[in-house]
Undergrad: 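Before I ask anything, let me first share the structure, which is written out below as structure tokens.
First the proteins, then the strands, lettered A, B, ... as listed; each starts at 1. Every heavy atom of this structure was used, including side-chain atoms; hydrogens, water molecules and symmetry mates were not.
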Amino acid sequence: MTLEVENLSKLYWTPNATFPGGGIQPISFNLAPGTFFTLLGPSGCGKTTTLRCVAGLEIPDEGRLTLGPTVFFDAARRTNVPLNKRNIGMVFQSYAIWPHMSVFENVAFPLRVRRELKLRAEEVREMVARALATVGLEGYADRSATQLSGGQQQRVALARAIVRQPGLLLLDEPLSNLDALLRDEMRNELKRLQRQIGITTIYVTHDQAEALEMSDVIAVINAGVVEQMGSPREIYDRPRSAFVAGFMGATNLLPATARSAQKGDSSGTVAIDSGEALSTWFPYDIGAGSRIALSIRPEAVTVAPAGTAAPQGWNRLTGTVIGSGFLGNIVRYTVALPHGRIHAHQPPDRIFAEGETVELHFAPDRTLGLSDNRAAA
Amino acid sequence: MTLEVENLSKLYWTPNATFPGGGIQPISFNLAPGTFFTLLGPSGCGKTTTLRCVAGLEIPDEGRLTLGPTVFFDAARRTNVPLNKRNIGMVFQSYAIWPHMSVFENVAFPLRVRRELKLRAEEVREMVARALATVGLEGYADRSATQLSGGQQQRVALARAIVRQPGLLLLDEPLSNLDALLRDEMRNELKRLQRQIGITTIYVTHDQAEALEMSDVIAVINAGVVEQMGSPREIYDRPRSAFVAGFMGATNLLPATARSAQKGDSSGTVAIDSGEALSTWFPYDIGAGSRIALSIRPEAVTVAPAGTAAPQGWNRLTGTVIGSGFLGNIVRYTVALPHGRIHAHQPPDRIFAEGETVELHFAPDRTLGLSDNRAAA
Amino acid sequence: ADQALIDAATKEGSVNWYTSLIQDQAARPLARAFEEKYPGISVEIIAGKSADLLLKINDELAAGRLHADVHHGGSVVPKLLAMDAIQPYVPPSAANLPDDMKDPDGYWVAEVVSFLVPAYNTDMVPAEEAPKTYEDLLDPKWKGAIAWAATMTQGGPPGFIGTVLGLMGQEKGMEYLRKLSEQNIVNVPANQRVTLDQVIAGEYPLALSTFSHHTDISQEDGAPVQWIALQPKVTNTIDSTFLMKGAPHPNAGKLFIDFIVSDAGQKVLADAGYIPANPKFRNPERSPEAFALTPSLVAAHLNDWVAIYDELFK
Amino acid sequence: MPTVVLTVIIAVLVLPPLAMLVRTSLIDYSDGSFGLVNYRKLFAEPELYLTTINSVVFAAGATCVSLLIGACVAWIVERTNAPFRGLAYVTTIVSLGTPAILYVCGWIFLLGRAGPLNSAWRALTGSFQPLVNVYSIPGMILIEGLLWVPLVFLLCGATFKRQNADLEEAARMSGASVIATVRRVSLPLAKPALYGLAIFIFIRNLEAFDVPVLLGMPGGIKLLTSDIYLTMTRVPPDLGHASAFAVVMIAFISVLLYFYGRVSANADRFASITGKGFRPRPFDLGRFRWVGGLVVVLHFTLVLALPIIAVLWNSITPFVRAFSVKALGNLTLRNYTYVLTDSHYLHLAWNTVLAASVAATVAVALTAVAAWFAVRRWPASGGLTQLVSLPIVFPGIVLGVAMIQIALRTPFGLYGTIWLIAIAFLIRYLPYGMRYAQPAMMQIHRELEEAAGISGATQPGIFRRVVLPLAAPALIAGWLFIFLLAAKELSIAVLLAGARSKTIAVAMFDQWTNGEAGEVAALGIIWTIVMSCCAGLMHYLSRGDMKSRGTQ
Ligand SMILES: Nc1ncnc2c1ncn2[C@@H]1O[C@H](COP(=O)(O)OP(=O)(O)OP(=O)(O)O)[C@@H](O)[C@H]1O
Ligand SMILES: Nc1ncnc2c1ncn2[C@@H]1O[C@H](COP(=O)(O)OP(=O)(O)OP(=O)(O)O)[C@@H](O)[C@H]1O
Ligand SMILES: [Mg+2]
Ligand SMILES: [Mg+2]
């Protein structure tokens with residue numbers, strides 16, 4: 001079913017404050033049935049608030065919310081479907097595992113309270129067992145919920161959300177306390193489940209890789225405002241602003257000012273604040289004189305010993321290696337420029353010593369000129 | 001100060017169970033002053049339990065625990081320093097933010113309760129402000145702790161742990177609810193702090209990249225038992241077992257049986273279970289007839305169109321692309337072999353269609369033959 | 001009182017008066033009047049039900065730390081006599097009292113008396129239908145309609161039983177009581193006053209063993225209630241006052257007892273709505289013919305009467 | 001070690017009266033000899049079987065009534081957005097301030113044979129049979145049940161107030177209706193509070209005197225305690241019978257407390273104040289807001305308005321009389337003038353407030369620490385709960401006598417002073433304090449304390465800075481309850497009052513027994529107003545305090 005969110009807004013006011021203490025500004029999006037939609041944004045930007053509004057846990061200040069034919073909420077018409085009638089599965093950021101129930105009872109709860117499902121005890125047992133198996137907690141059914149580790153609790157919360165195959169799935173950082181391996185498994189499992197029964201899912205995560213890999217649509221939020229919404233590739237390759245680029249995967253941002261106006265999808269040359277001129281690709285229109293930042297992803301940068309020739313047409317900068325970090329499959333080098341620094345990811349077999357002078361090469365089409373509103377945010 | 005942990009063990013027994021429901025088996029390690037020590041392991045393996053034992057929140061069943069000259073705990077001599085005398089900073093996995101206090105009061109608490117510090121109100125205010133600035137929560141001081149987002153709460157917990165510069169820092173997934181950017185910042189901040197005042201730190205994380213980048217020593221735990229302890233490079237490059245390899249960064253594990261015994265640091269040829277013979281590097285001794293797994297990291301695998309020649313001496317396998325995932329800086333391909341599948345990370349400009357037959361090439365020295373105890377775990 | 005006593009009393013400075021008299025209207029005015037007359041001696045009022053006060057005195061005696069000087073009460077005299085806890089003292093002013101208002105052995109003197117009478121709700125029962133004699137109470141129309149306060153003192157059913165036995169003799173009395181018990185008298189688990197209030201409120205049309213002065217007070221306020229001078233005699237109980245043996249302030253105690261029985265004291269009690277021991281201060285209209293339940297009588301028979309109550313009415 | 005100190009303190013308070021109780025239960029009052037005669041009498045009761053059943057039915061029924069009404073209203077007030085929520089607090093505080101005799105009599109007045117309900121019925125149908133018969137087990141259950149509603153309300157309110165909304169929201173998201181959420185999540189989380197309370201009220205009802213006697217005896221319904229009441233109204237009271245009964249009750253509550261201990265064994269399972277995402281947020285009842293409001297108003301009517309109107313009526317009529325138009329003619333304020341012009345009462349009021357507040361403060365302080373020790377299973381804290389709960393079985397008069405005997409044997413001049421009364425109140429109300437403190441401690445997640453310990457706080461520091469503030473709503477509710485109850489406590493105050501240590505309750509009792517029903521009512525109303533102001537002020541202050549801490 002299509003989820004339509006129109007101008008939803010919810011502001012929190014803290015006492016003695018003349019501006020809201022948080023929340024979301026009007027936000028709109030439409031999700032086709034079965035869409036995997038991810039909310040991404042810095043801590044405190046309003047992701048949980050958005051989920052809570054959709055779930056019906058908060059009454060939005062304004063806006064309209066429909067899932068398929070049913071209007072969940074309409075501020076104008078004062079419609080508000082009670083949350084337990086919305087058939088939504090949700091994982092809370094705080095898990096909200098009921099401490100007085102066993103793991104089994106926690107997961108079976110959504111089945112038990114919905115009389116209309118008319119499930120036999122046998123069926124309930126089976127469905128719960130399946131959900132627990134999905135999250136890798138076979139054998140924990142009889143444990144008291146208070147005797148679980150953090151990650152196990154999180155998995156119980158996940159099992160509870162998916163057990164009855166809801167019409168909409170809201171997941172608030174459901175995998176944040178799991179290790180990479182398990183997270184990977186859960187991710188696949190979730191994705192499979194989501195495809196199989198075609199549930200529209202809103203997913204909150206702080207893990208960009210996760211967001212990129214799983215999502216059909218990603219919304220990047222900043223301080224309650226949607227900065228960009230689009231497919232993972234779009235967001236990663238054509239970020240609308242320096243904020244999005246910086247947030248969506250690691251990047252180097254070199255501040256600059258656009259001398260002249262620039263059309264979208266065109267290339268040009270920009271002098272960065274420290275003086276060097278770099279060939280740049282502009283994915284979007286840029287006004288003359290506006291602040292911009294050149295975004296160069298660390299993996300787009302090749303580090304070469306001083307004096308190496310750069311490929312034809314590539315940008316080059318010179319700097320000194322001031323740090324390196326081993327990340328397993330890659331090594332991250334930090335290179336100091338005359339003004340500022342740049343991170344570059346290199347394969348682990350490329351070794352540079354600290355203090356070594358190196359050259360940085362990067363292609364112009366991977367040097368993106370983006371409007372930079374970060375100071376204002 | 002040196003932290004010595006000797007044969008610490010703590011088992012949880014659930015009712016009606018003949019085997020423990022969790023906890024840690026005897027575990028020992030020595031941390032030189034200022035070491036950044038990371039506990040890594042699957043959910044429920046006993047990381048939190050270990051931290052809690054060190055903190056004095058659980059009384060271990062057995063073992064000895066000393067920090068510098070003070071014996072914190074000695075089961076044999078029945079010594080047990082009360083936890084408030086241990087001068088430890090800790091971030092709980094569940095944050096443990098006091099809901100009845102403001103953000104400021106939460107962070108100021110460790111300063112207030114230690115009379116011996118004799119801090120003036122002015123100093124307290126300053127130290128709290130500094131800690132809050134460190135975690136990026138300036139301006140939130142007067143907020144009630146219940147009015148924070150998940151990530152903000154986590155940051156308050158972190159600020160509270162570091163505010164009085166403790167002798168030992170125990171961090172239980174302190175950054176799990178933060179976005180990559182902020183996490184990166186916090187990581188640097190923590191690392192700086194830790195270097196600056198030389199606090200020994202025990203860090204629990206589920207993020208391998210984080211562990212690899214920050215740690216001096218990493219311990220990989222599985223089901224309460226330390227599988228391997230060592231420097232990040234050692235653990236990543238020379239994992240002691242298939243479990244460690246699989247846990248420490250993504251890897252492909254091809255099951256096999258060692259025909260003959262194999263000395264450590266030698267190479268040989270192994271027929272994997274599906275038949276193909278592969279040249280393999282053995283970092284450790286392998287007994288004849290024991291189950292092993294060949295670990296090949298996704299980034300070590302080159303995907304090539306069918307018929308491409310492999311570099312001299314490299315292993316090759318043929319398979320069909322069955323899936324791809326965009327991860328931003330890389331694309332992850334899943335390639336089905338006759339038995340099993342392999343993940344390969346390729347630069348995003350290398351494009352293969354689903355269903356395409358491809359060849360996989362990988363170097364023998366990146367094909368590690370490791371003992372495989374996973375079935376037992 | 002002679003000056004020596006006054007001096008000795010003044011030296012003691014205070015007297016501890018254990019009393020169940022109503023505080024505002026009787027006890028405190030009486031104490032105030034005494035204090036005015038004998039400046040320098042203060043009256044410390046320890047108030048409570050006579051049962052509670054007896055418990056206290058009991059414990060004080062057991063602990064050997066008697067606190068009470070003067071006590072007032074009806075049913076307690078026998079018990080205290082039995083415990084040999086009373087100091088005989090005949091105050092000079094007792095000369096004003098008739099003989100049945102003081103103990104022949106000098107242990108006690110009467111302070112106030114009460115008449116225990118039936119009372120009925122005049123809205124519910126016309127005056128001519130109200131019972132006049134004990135026999136009238138057996139009329140079947142009263143079945144289930146008569147209440148009494150189920151307190152096991154001389155002022156409750158035991159006192160009524162004692163009066164009946166005293167008036168009719170053991171045999172006839174028992175026969176009468178048996179018949180009365182078939183009327184299913186309602187045991188109101190409260191004191192006489194509450195029972196009377198329930199009559200006034202219309203909860204019950206008729207109650208036995210209520211204090212006549214209570215009805216008088218309410219009548220003045222306009223309450224629809226009337227007490228009956230049941231023929232031949234109603235019950236008369238005596239509240240006596242006496243000095244404790246081993247009292248911490250014996251002289252002040254004596255002086256106080258003397259004051260209570262004196263005209264000044266009796267007047268205060270009369271003003272408070274009590275029926276004073278001294279007939280001079282009584283309103284003759286409100287003094288029916290009565291059978292006196294003296295402390296000695298009560299001491300001798302109370303347990304028997306309670307036993308009869310337990311057997312027939314409980 | 002601190003556990004031992006506390007155990008000793010509580011034992012010193014509780015055990016001497018207990019010893020006295022046991023001793024008294026062995027005295028044969030007819031001749032003063034020692035023996036088992038009281039026990040024999042207790043069990044030789046020919047109708048023992050019937051009276052036991054009556055008693056149990058009565059106690060259980062009344063417990064259900066108070067739990068049902070109290071918990072319902074508490075939940076609506078603390079966890080929803082229903083209208084009129086403030087009214088419930090007014091109801092509770094005012095009705096707690098009203099002396100119990102007045103309260104019960106108010107009900108008798110309303111529902112009795114001459115009451116407005118039955119007179120109307122009689123006028124309508126001409127039937128002599130009353131419509132409702134309060135002098136019956138259902139009548140007794142109703143009135144006794146209403147008597148304990150305030151206790152349940154305050155306790156459950158404090159418990160519900162600190163429930164984590166996340167847990168309830170999760171249930172709602174799972175598809176549970178509001179009712180199902182309450183039934184399956186809110187109530188089970190409040191289980192230690194509810195079970196403890198049920199046991200407590202049940203025991204209290206089982207040994208209640210006033211209602212069974214005031215209503216049961218006239219109605220010919222015999223309960224276990226009716227007989228005991230009679231023996232206690234003799235001169236001098238035969239305390240042996242009552243004490244023997246209390247001793248038997250002690251055995252009984254020990255069994256119940258043992259089971260309660262098992263229910264609440266794992267404190268973690270009821271911890272709802274957690275360190276992650278704790279938000280005490282109310283439910284949105286939606287269209288059912290008004291139903292909630294209606295329940296609150298109904299509660300107000302039943303628990304406060306009706307009986308108070310009866311009392312008020314009595315205070316302005318010159319004598320006790322039924323509601324009638326005719327009576328409107330001679331209403332009078334005489335009773336009020338009388339009470340208000342007598343400065344004597346000022347002194348009594350001061351005594352009362354002093355004794356009650358001292359007792360409430362110490363009781364809450366002791367039980368808060370005791371509950372904390374017990375819930376966190378400090379070494380040697382096993383018997384604390386039982387020990388603190390013991391005085392629940394002391395009949396007031398027995399405790400009073402015990403206190404007299406103890407005071408007479410102590411070297412300091414305790415006898416006859418207000419302090420003796422305060423100590424007796426303290427002992428009597430310790431179990432009530434425990435009922436408030438224990439569930440409150442259980443709600444606090446262990447990690448909140450652990451985090452404080454790690455931060456360097458000592459155990460007292462943890463208690464003062466983390467546990468106390470978090471348990472404050474319950475402790476304040478407990479304080480209020482004890483204060484208000486102690487202020488109107490009769491049997492102890494009357495027995496222990498010295499010349500200069502009388503309390504308001506003594507004055508009321510005095511007037512009561514002397515037929516000044518109107519004045520008692522007037523004094524009761526004035527006293528209720530004073531108490532309500534005290535309590536309201538206290539409530540307001542604590543609420544402001546909570547707010548400044550940001551938990552409201
Ligand atoms: N109080 C308890 N009683 C019984 N078992 C427990 C208790 N606490 C933890 N366990 C079990 O002990 C094991 C280790 O728990 P621990 O909390 O140390 O895991 P962890 O490594 O921190 O996991 P995670 O990454 O999920 O937080 C788990 O299997 C857990 O279920
Ligand atoms: N009850 C509340 N009262 C006042 N402010 C609030 C309340 N709840 C949240 N906020 C504020 O609203 C903002 C958005 O909160 P929200 O929980 O939606 O953030 P989030 O995007 O989920 O962050 P995180 O990733 O840290 O969980 C935050 O700044 C937070 O402090
Ligand atoms: Mg959030
Ligand atoms: Mg953990």
Undergrad: Which atoms of A:Arg160 come close to chain D, meaning under 4.5 Å heavy atom to heavy atom: side chain ones, backbone ones, both, or neither?
TA: side chain
Undergrad: Using a 4.5 Å cut-off on heavy atoms from C-beta on, say whether the side chain of D:Leu189 contacts that of A:Pro99.
TA: yes
Undergrad: Looking only at heavy atoms, which two atoms of A:Asn84 and D:Ala176 are closest? And how far apart?
TA: CB-O, 3.1 Å
Undergrad: Mark yes or no for whether A:His100, through its side chain, and D:Arg184, through its backbone, hold a donor-acceptor pair below 3.5 Å.
TA: yes
Undergrad: Answer yes or no: are there more than 12 heavy-atom neighbours, outside A:Glu123 itself, under 6.0 Å from its atom CD?
TA: yes
Undergrad: Taking the side chain as every heavy atom from C-beta outward, state whether A:Phe92 and D:Met173 have any atom pair closer than 4.5 Å.
TA: yes
Undergrad: Go through the atoms of A:Gln93 and report whether side chain, backbone, both or neither lie under 4.5 Å from a heavy atom of chain D.
TA: backbone
Undergrad: Within the structure provided, determine whether D:Val185 and A:Phe109 are in side-chain contact (heavy-atom separation under 4.5 Å).
TA: yes
Undergrad: Using modelled atom types only, decide if a donor and an acceptor are shared between the side chain of A:Arg164 and the backbone of D:Ser174 within a distance under 3.5 Å.
TA: yes
Undergrad: So which part of D:Ala171 gets closer than 4.5 Å to some heavy atom of chain A, the side chain, the backbone, both or neither?
TA: both
Undergrad: Using a 4.5 Å cut-off on heavy atoms from C-beta on, say whether the side chain of D:Phe288 contacts that of A:Pro82.
TA: no
Undergrad: So do D:Glu169 and A:Arg52 actually touch side chain to side chain, heavy atoms under 4.5 Å?
TA: yes
Undergrad: Out of A:Thr146, A:Asn80, A:Ile88, A:Leu57, return the one with the most heavy atom pairs under 4.5 angstrom to chain D.
TA: A:Leu57
Undergrad: Nearest 0.5 Å, what's the CG-CD1 distance between D:Leu167 and A:Ile97?
TA: 9.0 Å
Undergrad: For A:Phe29, I'd like to know if atom CZ has over 12 heavy atoms of other residues, nucleotides or ligands within 6.0 Å.
TA: yes
Undergrad: Pick one of side chain, backbone, both or neither for D:Ala271, based on which atoms fall under 4.5 Å of a heavy atom in chain A.
TA: backbone
Undergrad: Between atom NZ of A:Lys85 and atom OG of D:Ser177, what is the distance when rounded to the nearest 0.5 Å?
TA: 6.5 Å
